[in-house]
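For reference, the structure discussed in these notes is given below.
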Amino acid sequence: MKIKAINGFKDILPEEAVRWRFMEEKARDIFGRFGAREIRLPILEKTELFARSIGEATDIVEKEMYTFADKGITMRPEGTASLLRAFIEHGLHVQQPVQRLYTIGPMFRHERPQKGRLRQFHQMDVEVIGAPEPAVDAELMAMGRMLLDELGISASLEINSLGCPDCRPGFRSRLIGFLENRRHRLCQDCRRRIDTNPLRVLDCKKPDCRAQVQEAPSILDALCDPCRDHFAAVCRGLEALGVDHGVNRFMVRGLDYYTRTTFEFITGDLGAQAAIGAGGRYDGLIEQLGGPALPGIGFAMGMERLALLMEQQETPLPRPATDLFVAALGEKAAAYAFPLVHELRRLGLSAAMDHSGRSLKAQMKQAGRTRANYTLIIGDNELEQQEAILRDMATRKQESVALQTDAAEQAHLLALRVRQNVIVHP
RNA sequence: GUGAGCGUAGCUCAGCUGGUGGUAGCACCGGGUUGUGGCCUCGGAGGUCGUGGGUUCAAGUCCCAUCGCUCACCCCA
């Protein structure tokens with residue numbers, strides 16, 4: 001019986017990995033432009049970290065974590081908790097008043113896999129710690145938008161405010177009162193949600209629930225003055241930066257730690273998975289985790305979802321190419337080519353040759369397959385006359401080049417000849 | 001945790017109400033081109049029809065079980 005990867009865990013094969021690399025390089029580039037520095041974090045953390053940050057009663061903590069119960073450790077289901085733990089542990093706030101950090105890597109949740117949702121999935125996570133200003137909220141969303149733009153992905157941005165510990169509890173109880181009155185008109189799930197997570201009812205997709213909820217009190221009307229001012233300033237900031245967005249008063253978060261600004265990048269092209277990136281402000285969380293009383297805001301992009309969209313929208317990718325393929329015919333020629341290819345590689349070129357003594361036709365085919373820009377053809381005739389044929393694969397033009405006895409010298413000459421014409425394929 | 005659908009070559013799939021002999025395309029290898037890739041053409045290799053059981057003279061096809069995958073609910077990036 002063949003051993004296969006386990007359910008919800010996927011291999012990213014070479015062809016697909018090209019897309020992933022492009023995505024990661026774009027992200028690192030753009031995060032860097034916004035002053036974010038990379039932080040690399042462990043995959044395993046104490047279980048308690050996630051219970052305290054994400055929330056004991058959330059689905060993630062209650063039933064989706066990969067936990068080694070006997071050791072009290074868990075494979076991270078998201079990045080923010082780990083990042084903040086590291087931030088607090090190493091006292092990063094004393095270095096700079098505002099820290100912008102990003103991390104990229106795998107996360108783990110034991111859910112049933114479906115389109116755009118795996119058990120091991122990957123996120124790109126950006127967090128800004130120490131800045132309460134609404135301008136930062138707008139800046140972060142603008143950064144997310146820029147990344148999507150440069151990845152060729154179109155999505156809409158929805159924003160909302162969840163208020164703060166001063167104003168949310170009041171809204172929450174008003175909402176519960178409203179929902180209780182209409183309990184009988186809500187779906188089974190929403191009836192349960194009234195007790196577990198009443199705000200979540202606002203986000204139910206069932207038409208009947210949506211209709212009921214239209215009449216519900218709006219959190220935006222219930223915000224305290226500071227939260228109201230903050231939200232207004234966020235909207236102005238987005239407008240100043242030309243970032244299109246819509247206000248969605250029904251949007252909520254699945255994690256407990258969010259305050260004030262929340263946002264999601266939404267697409268209709270991924271089946272049931274609409275959110276490709278989401279985040280928000282978490283002003284009390286760092287203190288709650290035993291750190292300094294600093295505000296924070298961050299968001300995560302789901303990389304599998306981005307990759308699916310890039311594929312659908314046919315985002316052009318840089319394809320790897322070979323600078324020079326050496327086609328050697330016969331043992332003597334192969335013996336000459338062997339160190340030559342090595343020297344070419346030492347000089348920084350990508351070079352390849354065949355080791356199985358195949359026909360020239362087969363080797364040319366191989367050269368084409370490896371996307372070689374040039375092929376150097378060396379046979380017995382060429383060795384005898386100390387001249388090889390250099391073929392430009394795109395133009396099919398050939399020229400002869402003098403053969404040197406020394407491989408390093410030969411490689412150097414070829415590199416000079418071939419490099420100036422190396423094309424970076426779009 | 002719940003529901004539905006699907007398992008035929010490395011990939012994408014054909015195979016009608018069960019009827020000798022398992023399709024095709026892509027990819028791979030070779031020939032046409034005795035030393036020149038992409039196009040064309042000819043050929044080759046590649047399959048326990050997911051697995052086990054049952055019905056039948058006969059099962060890729062029908063039934064049952066099992067495993068796997070996919071999508072959706074839930075939840076979320």
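Quick note: numbers below take in every heavy atom, side chains included, and nothing from hydrogens, waters or symmetry partners. Each chain gets a letter, A, B and so on, in the order the sequences are listed, and its residues count up from 1.
- Here A/E64 pairs with nothing under the side chain to side chain donor-acceptor pair (under 3.5 Å) rule; sequence neighbours left out.
- The list of salt bridge (charged side-chain N to carboxylate O under 4.0 Å, His left out) pairs with a residue in residues 294-304 of chain A, not counting sequence neighbours, is empty.
- Applying the salt bridge (charged side-chain N to carboxylate O under 4.0 Å, His left out) test to residues at least two apart or on different chains, the pairs with a partner in residues 72-89 of chain A are A/E45-A/R85, A/R85-A/E89.
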Could you run down nucleotides 33-40 of chain B 5' to 3' and tag each one B, S or - for protein heavy-atom contact under 4.0 Å? --BBBB--

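- Only the C1' atoms considered, B/rG18 is 15 Å distant from B/rG54, to the nearest whole Å.
- When the C1' atom is compared between B/rC28 and B/rG37, the two are found 16 Å apart, to the nearest whole Å.
- Here, B/rA24 and B/rG47 have their P atoms 15 Å apart, quoted to the whole Å.
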Summary of protein contacts for nucleotides 70-77 of chain B, nucleotide by nucleotide, where a base hit scores B, a sugar-phosphate-only hit scores S (4.0 Å, heavy atoms): SSBBBBBB

Given the rule that a pair is Watson-Crick or G-U wobble with both distances under 3.5 Å, how would you write RNA chain B in dot-bracket, using | for pairs to a different strand? (((((((..(((......[....))).(((((.......))))).....(((((..]....))))))))))))....

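- Only the P atoms considered, B/rG7 is 12 Å distant from B/rC16, to the nearest whole Å.
- Sequence neighbours left out, the pairs with a member in residues 261-272 of chain A that pass side chain to side chain donor-acceptor pair (under 3.5 Å) are A/D137-A/T261, A/R253-A/E264.
- For A/E38, the CD atom counts as densely surrounded, since its 6.0 Å shell holds more than 12 non-hydrogen atoms of other residues, nucleotides or ligands.
- Rounded to a whole angstrom, the distance from the P atom of B/rC73 to that of B/rU66 is 26 Å.
- The stretch residues 116-134 of chain A participates, sequence neighbours left out, in these salt bridge (charged side-chain N to carboxylate O under 4.0 Å, His left out) pairs: A/E111-A/R117.
- On the P atoms, B/rC49 is 11 Å away from B/rG22, given to the nearest whole Å.
- A/R100 is linked by a side chain to side chain donor-acceptor pair (under 3.5 Å) to A/E139, counting only residues two or more places apart in sequence or in another chain.
- When the side chain to side chain donor-acceptor pair (under 3.5 Å) test is applied to A/R396, no partner is found at least two apart in sequence or on another chain.
- Separating the NZ atom of A/K4 from the P atom of B/rG10 is a distance of 13 Å, rounded to the nearest angstrom.
- Scored by the side chain to side chain donor-acceptor pair (under 3.5 Å) test, A/Q214 finds no partners at all (sequence neighbours excluded).
- Between B/rC13 and B/rG53, the two C1' atoms lie 29 Å apart (nearest whole Å).
- Identified under the ring-ring contact (aromatic ring centres under 6.0 Å, His included) test for residues 53-78 of chain A, with sequence neighbours left out: A/Y66-A/H110.
- Straight-line distance between the C1' atoms of B/rC67 and B/rU55: roughly 23 Å, to the nearest whole Å.
- Of the charged side-chain nitrogens involved, none lies within less than 4.0 Å of a carboxylate oxygen, so that A/R21 and A/E24 do not count as a salt-bridged pair.
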